[in-house]
Amino acid sequence: AYYNSSGDADNAILIGKTISAWLLVVLLLVASIPMWWMMVYLESYQWLGTLISMAVVVSTLIFVSAVSLAATALARTTAVATAIAFVVISIFAFGTLAPLLMGNRLSLGWRAEFLSWNPFASGLQAVSVELLKGDKMLLKRYLEHTLVASAVGFLIAWFRLWRKLRAEQ
């Protein structure tokens, strides 16, 4: 990235890193178009389930980008930033599935709270009526949680980068 006196460098870095991460997901979505076409052809396709699943994918993409940018802004080296991002994202994706393994040991409130952070649980609930039917609002809470956490992550990244660039002046 470059630095100029107008202060565009911090925005350019954040936008560039975000776009590079999103391009991979766009390529994966484009690669899945033949599968969607096959589902429509076989008439086992539900548009609402797909739209809800896309909302989960997009909010997860935004959340993962925010976590990665915040980790990059907070860590001194790329290796540490990568490790921080992988740990946070792994806890987010797999650690929040713990209530399913614990059975009835957790109250319904705690179970719903953990699962409302999990993209897999929200996506499964969107496309299947039978799965996780006891937790009705997983998708709504998932979108709320991830988008608010994403805003916090983006603010952390922007503020740290702004402070670093400001100190260089």
Rounded distance [0.5 Å steps], CD1 in I91 versus CG in L97: 13.0 Å
Other ILVMFWY residues reachable from I156 by side-chain steps of under 4.5 Å: L74, V152
Ring pair (Phe, Tyr, Trp, His ring centres under 6.0 Å) against F63, all qualifying residues, sequence neighbours excluded: F92
Nearest heavy atoms of A73 and A157, plus distance in Å: CB-CA, 3.7 Å
Short side-chain to backbone donor-acceptor contact, S122 and P119, under 3.5 Å: no
Euclidean distance, W158 CH2 relative to F154 CZ, rounded to 0.5 Å: 14.5 Å
Determine all donor-acceptor pairs shorter than 3.5 Å in which one atom belongs to a side chain in residues 75-87; sequence neighbours excluded.
from: T77; atom 1: OG1; to: V80; atom 2: N; distance (Å): 3.3
from: T82; atom 1: OG1; to: T78; atom 2: O; distance (Å): 2.8

Set of residues satisfying side-chain hydrogen bond (donor to acceptor under 3.5 Å, both in side chains) with respect to T60, sequence neighbours excluded: Y142
All side-chain contact (heavy atoms from CB on, under 4.5 Å) counterparts of S116, not counting sequence neighbours: E113, L138, R141, H145
Contacts of T96 that satisfy side-chain hydrogen bond (donor to acceptor under 3.5 Å, both in side chains) - sequence neighbours left out: N118
Residues clustering with L155 (ILVMFWY side chains joined when closer than 4.5 Å, directly or via others): none
From L143 atom CG to S59 atom OG, the distance as rounded to the nearest 0.5 Å: 4.5 Å
